[in-house]
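The next block holds one structure in the form of C-alpha cells; read it before the comments.
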Amino acid sequence: MLEVKDLQKSYEKDKPALKDISFNIKPGTFVAIIGPSGAGKTTILRSLNQLIKDDNGQILLDGNDIRTANKTQLRKYRRQIGMVFQNYNLVERLTVIENVLHGRLGYKSTLAGVFGRYTQEEKEEAMSLLKKVGLENFALQRCSELSGGQKQRVGIARSLIQHPKVILCDEPITSLDPASAQNVMELLKNLTEEYNLICIANLHQINMAKMYADQIIGIRKGRLVFDEAATYYQRIL
Amino acid sequence: MQSPIKYLSHKGWHQTAIIAIIGGIYILGSQILNFDNLNGLLAVPKAFAWLGVNFKPTAHSMQYFPRIWQKLIQTVLLAISSTMVAAIIAIFVALLGSKVTGINGFVQTIVRAIASFFRNIPLVAWSMILLFSFKQSDFTGFLALLLMSVGYLIRAFMEIIEDEASETMLALKATGASYFQVIFQAVLPQILPSILSWILYMIENNVRDATLVGILTGTGIGFIFDIYYKSFRFDAAGMTVLAIIFVVIALETISNQIRKVIL
Amino acid sequence: MTDSQDSIIQKSKLPNSPEIKLHERSLSRTMILVVFVSLLLITGYTLTHLDTAGVQINQALKELMTTLNQMFLQPNAGTDGLPLLMEALGNSVLLSILTTIIGAVFGFLFAVLASKNLTNAYLGAGIRVIMAVIRAIPTIIWALIFSIVCGLGTTAAILGLSFHSIAYLTKAYSESIEGIDNAKIESLKVTGAKFWVIVFQAIWPTIVASFVSWTFIRLEINFANAIAVGAAAGAGGIGYQLFVASGMSFDFHETGLIVYLVILVTFVLEFIAVKIRQYYLNR
C-alpha cells in the first residue's frame, strides 16, 4: 500500500510546484498520472523515490515514511521502487543483460557492485526476465543498437529484477512510436497484475490512460484535480 | 510587429555593420602594430621560395637524422606520459567536481576555479619557473606539459561526464545503488571512449606544445630545432620540421583510426 | 576481468546449469583496453627512464614553492612598470585578434573549397592535405621561419600565427559544413543559384553559430600562441616581457603580475565568447 499525504514542493519561494497532494494506491493497481506539461507530474513521481526532495508531507510505503529515511534506509527503499524513464537511461555502451543486472546493484556489497560480480542466480533471473519482455535473443547486444521500444523493455526488465513493490514510469511512451507505445503499456499492465505491483505512469495521452489504467490521478498547476477509478472516469467523459 | 521587408533590410544593415566593425578593428590593429599588410602578403611567397632553397634537406643532412629521430621519439614519449599522468589526476578531480557526480556545490566551484587557473597560466610561464627550479632536464619539460594538460583535461572530462552520464547516473541511483557502484558500473563504462578520444587529442597537442617547451627549456625536439636554426644549419632544421610533420600526421591518423573503432 | 569472476561463480553454482555470458568479445572493448594498457606501459617506461639532470627533487620543490609564493602572493610591476606591461598586453591582444580575423576569412574560403559536399573531390582532398601539413608544424616554428625572411618582429609573428589559424579553422569550419543536410544545398541548386550565392544564402546562415564558437576558441588559442611567439621568437608583446622577467632578470614578482594579467584577459575573452555564443544560439 502506498499512501501519499499532503505532499508539498516549491522550487522558488512562494511559487509552489506541488500543493497538498494526497492519494492512496493498493497493490496490483496500474495508475496513470495525467495533466498538462509543467503541471508537476514528474515532480510527484521523483518525490516518491526521493530523487527530488520534497518540502513537506508524508510518503508511506507499507506504513513506513520514505521521507524521513537516512541514507542507508533510503537505498533500501529505492531498491523496492523500480523506475522507468522517458529516455530509457541505459548505459548505451554496455550489453542488454549488463543493463538488466544493474537493477541488482542495490542489493550488493559496494565492492561486488563496483566490480560487477553477479551470481549465477541473478544472471539466470536476468535471462528469464528478458524472455518475459521478449528480448531473450538480444542479451549480448549493445543497447545502442536497439530500437526505442526495445530499449524501454530493457528498462522495464532492469526495474523488475529489483523485485520492486512499486514501479515509477516517467513518461514511458513519450519517445515511442504508436505501436511500440501500445506494446509497452500492455506489458506494464500485465506485469502489474502478475507481480501484484503498484505501477505509476506519467502520461500525456488521455486515451492511453483510459485504455490501460485502473486508477487515474489528474494534476493541474501542482494541485490534484481528481483521483478516481478509471471506470468512473470513463463514465463521465 | 515588424513587416517582413523591414526585417530583411534591418538584417542587411546588421550584417553590414558587423562587417564594418570587424574591418575597422582589423585596419586599426594593423596601424597600431605597424603591420604592413601588402609586405606581409608578399613575404609569404618569398618565405616559401626561401624555404624551398634553404630548408631542403640534402644528402649531407642525413648525418643529423639519428639524433633528430632520437629527440623526436623522446618528445613523443614525454607527450604521452605527461598526458597520461594528467588524465589520471584529471579523472578523479573531474568526478569530484562535475555537476553530476560531484560532492557538493562548494567543491564543484573550487575544482572549476583550479582547473581554469591551471589552464590559463601561459605555458611559457610554467616552462620558465620550472626551468628555474628543475634545471635543463626532461623532467622540467614533463612537468610543464603535465601542469598545462591537467587544467584542460579536468574541464574536458567534467563536460563529458555532465553530457553523457547524467541520465544513467539518475537511473542507477533510483535502483538504490551506492555512489561507487554507480561510478564504476554506469559512469565509467559510458564515458571511457570519449575520455580516450580526448587523451589521444591531448597527446597530439602536447607533441606540438613540446616544441615550444623544448625551445624554452632546452629539451627534446624543440631544443634541437633551436640549435640548428640559430647556428644557420637550415638543412638540418628543415629535416627536423619534416620529421615533426611526419610524426604529428602519423599520430593524427592513428588516433582517427582508433576513434573510428571505439566511438 | 570477467573470466576470473565467472570462475568464482562457477564454484558456487549448481552442476549442469549453463554459463551465462555478460558480453561478447568486441573490437571496441578490446581496442580501448589495448590502447589504455599500451599508453600506461609507455608512461611507466618513460617515467622510470626520465632524465632529471641530477636535480634533488626535494630541493627543487622547495625552490618552486618559493618562486610560486613570490609570483602569486607578492606580484608587482617590477622595473618595467605597469604602463609598459599594459601596452605589451594590449599588443598581444591585438595580435591575437588580427590573426584570428585573417584565419577566419581565409579559413572560411578554404573550408568551402575543401568540404566534401560542395566541391570536386580532388580540389577538396588537395586542400585538406596541405592544411594537415600546415597544422602539423607548431606555430612557434612558423613564426621562426617567417622571421628569417621578414626579420624578427610583428610581421613574422602575424604570419606565423595566421598560418596555423587558417589551417585549424579550415578543418573546423569544413567539418561544420559537411554536417549540413544535403537537401538544403540541393533545394537552392535546383533554383539555378550560383555557387557563391548558395554558400552565402544557405551555408553561411546554417553554420553561423558553430562558426562563431570555433572562431572564439581559436581566438583564445591565438592569445596563448601570441604569448608563446613573443617569448620564444622575440616577437614582442606581453610574452616577451614574461620571458625577460622569468628567464633573464628572474624577477618572479613581475612574472606573477604578468601571469595575473594574462589570466584576466583569458577570463574576459572566455566571458565574451560565452555571451556571443548564447546570442547566436538563441536566435
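The basis for the numbers below is simple: all heavy atoms, side chains too, and nothing from hydrogens, waters or symmetry mates. Labels below follow one simple rule: chain letters A, B, ... track the order of the sequence lines, proteins then strands, and each chain is numbered from 1.
Using a 4.5 Å cut-off on side-chain heavy atoms (C-beta onward), C/Ile42 and B/Leu77 make contact. The side-chain heavy atoms of B/Asn39 and C/Thr155, taken from C-beta on, include no pair separated by under 4.5 Å. Using a 4.5 Å heavy-atom threshold, the side chains of C/Leu61 and B/Phe134 count as touching. Counting only heavy atoms from C-beta outward, the side chains of B/Phe35 and C/Leu95 never approach each other to under 4.5 Å. B/Val85 places a side-chain heavy atom less than 4.5 Å from the side chain of C/Leu47. In this structure the side chain of C/Asn91 reaches within 4.5 angstrom of the side chain of B/Ile32, judged on heavy atoms.
The choice from B/Phe225, B/Trp50, B/Tyr229, B/Phe117 that makes the most heavy-atom pairs within less than 4.5 Å of chain C is B/Tyr229. Among B/Ser82, B/Pro122, B/Ala125, B/Pro189, the residue making the largest number of heavy-atom pairs under 4.5 Å with chain C is B/Pro122. With chain B as partner, the option from C/Phe243, C/Phe223, C/Phe252, C/Tyr260 having the largest number of non-hydrogen pairs under 4.5 angstrom is C/Phe252. Considering only heavy-atom pairs separated by less than 4.5 Å from chain B, the leading option among C/Ile57, C/Leu27, C/Ile141 is C/Ile141. If you tally non-hydrogen atom pairs under 4.5 Å between each of C/Ile102, C/Thr139, C/Leu68, C/Ile97 and chain B, the highest count goes to C/Ile102. Listed options B/Ile249, B/Leu196, B/Ile262 were ranked by heavy-atom pairs under 4.5 angstrom with chain C; first place goes to B/Leu196. Contacts with chain B were tallied for C/Ile148, C/Val259, C/Val265, C/Thr266; C/Ile148 has the most, counting heavy-atom pairs under 4.5 Å. Most heavy-atom pairs under 4.5 Å with chain C, from the set B/Leu251, B/Ile244, B/Ile203, B/Ile129: that is B/Ile129. Of the listed residues B/Leu131, B/Val44, B/Ile25, B/Asp36, the one with more heavy-atom pairs under 4.5 angstrom with chain C than any other is B/Val44.
At a 4.5 Å heavy-atom cutoff, B/Glu204 makes no contact with chain C through either its backbone or its side chain. Both the backbone and the side chain of B/Val261 come within contact range of chain C, judged by heavy atoms closer than 4.5 Å. The contact between B/Ile22 and chain C is made by backbone and side chain atoms together, counting heavy-atom distances below 4.5 Å. With a threshold of 4.5 angstrom between heavy atoms, C/Arg135 approaches chain B through its backbone and through its side chain. Contacts of C/Ala224 with chain B are absent, with no heavy-atom separation under 4.5 Å from either backbone or side chain. With a threshold of 4.5 angstrom between heavy atoms, B/Ile88 approaches chain C through side-chain atoms but not through N, CA, C or O. Neither the backbone nor the side chain of C/Ile258 comes within less than 4.5 Å of any heavy atom of chain B. Both the backbone and the side chain of C/Ile32 come within contact range of chain B, judged by heavy atoms closer than 4.5 Å. Neither the backbone nor the side chain of B/Thr219 comes within less than 4.5 Å of any heavy atom in chain C. For C/Leu98, the parts sitting under 4.5 Å from any heavy atom of chain B are the backbone and the side chain alike. With a 4.5 angstrom heavy-atom cutoff, C/Leu50 touches chain B only via side-chain atoms. Residue C/Val35 touches chain B through its side chain alone, counting heavy-atom pairs closer than 4.5 Å.
Ring geometry, B/Phe48 versus C/Phe146: the interplanar angle exceeds 60°, so the pair is classed perpendicular (tilted spans 30 to 60°).
Within 6.0 Å of the CZ atom in C/Phe267, the count of heavy atoms belonging to other residues, nucleotides or ligands exceeds 12. Remark: C/Gln201 CD is loosely packed, at most 12 non-hydrogen atoms of other residues, nucleotides or ligands lying under 6.0 Å away. More than 12 heavy atoms of other residues, nucleotides or ligands shown are found within 6.0 angstrom of CZ on B/Phe55.
The two residues C/Ala232 and B/Leu212 have their closest heavy-atom pair at CB-CD1, 3.8 Å. Minimum heavy-atom separation, B/Ser81 to C/Thr46: OG-CG2, 3.6 Å. B/Lys135 and C/Glu63 get closest at one heavy-atom pair: NZ-OE1, 4.2 Å. What you find for C/Pro138 and B/Thr211 is that their closest heavy atoms are CG-OG1, 3.4 Å. For the residue pair C/Ile263 and B/Asn120, the shortest heavy atom distance occurs at CG1-O, 3.9 Å. Across C/Leu159 and B/Gly40, no two heavy atoms sit closer than the pair CD1-O, 3.6 Å.
In this structure, the separation between CD1 on B/Ile80 and OG1 on C/Thr43 is 7.0 Å, given to the nearest 0.5 Å. Here CG of B/Asn205 is found 7.5 Å from CD1 of C/Ile221. Values are rounded to the nearest 0.5 Å. In this structure, B/Met128 CE and C/Thr67 OG1 are separated by 12.0 Å, a value rounded to the nearest 0.5 Å. Note that CD1 of C/Ile158 is 7.5 Å distant from CG of B/Asn37, once rounded to the nearest 0.5 Å. Distance check, rounded to the nearest 0.5 Å: CG of C/Leu94 to OH of B/Tyr26 gives 12.0 Å. Separating the CG atom in B/Leu200 from the CG atom in C/Leu39 is a distance of 6.5 Å, to the nearest 0.5 Å.
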Yes or no on side-chain contact (heavy atoms from CB on, under 4.5 Å) for C/Thr154 and B/Asn34, after CA distance, side-chain angles and deciding distance?
-> CA-CA 8 Å; C/Thr154 317; B/Asn34 261 329; 5.6 Å; no
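Using a 4.0 Å cut-off between charged nitrogen and carboxylate oxygen, B/Arg119 and C/Glu270 count as a salt-bridge pair.
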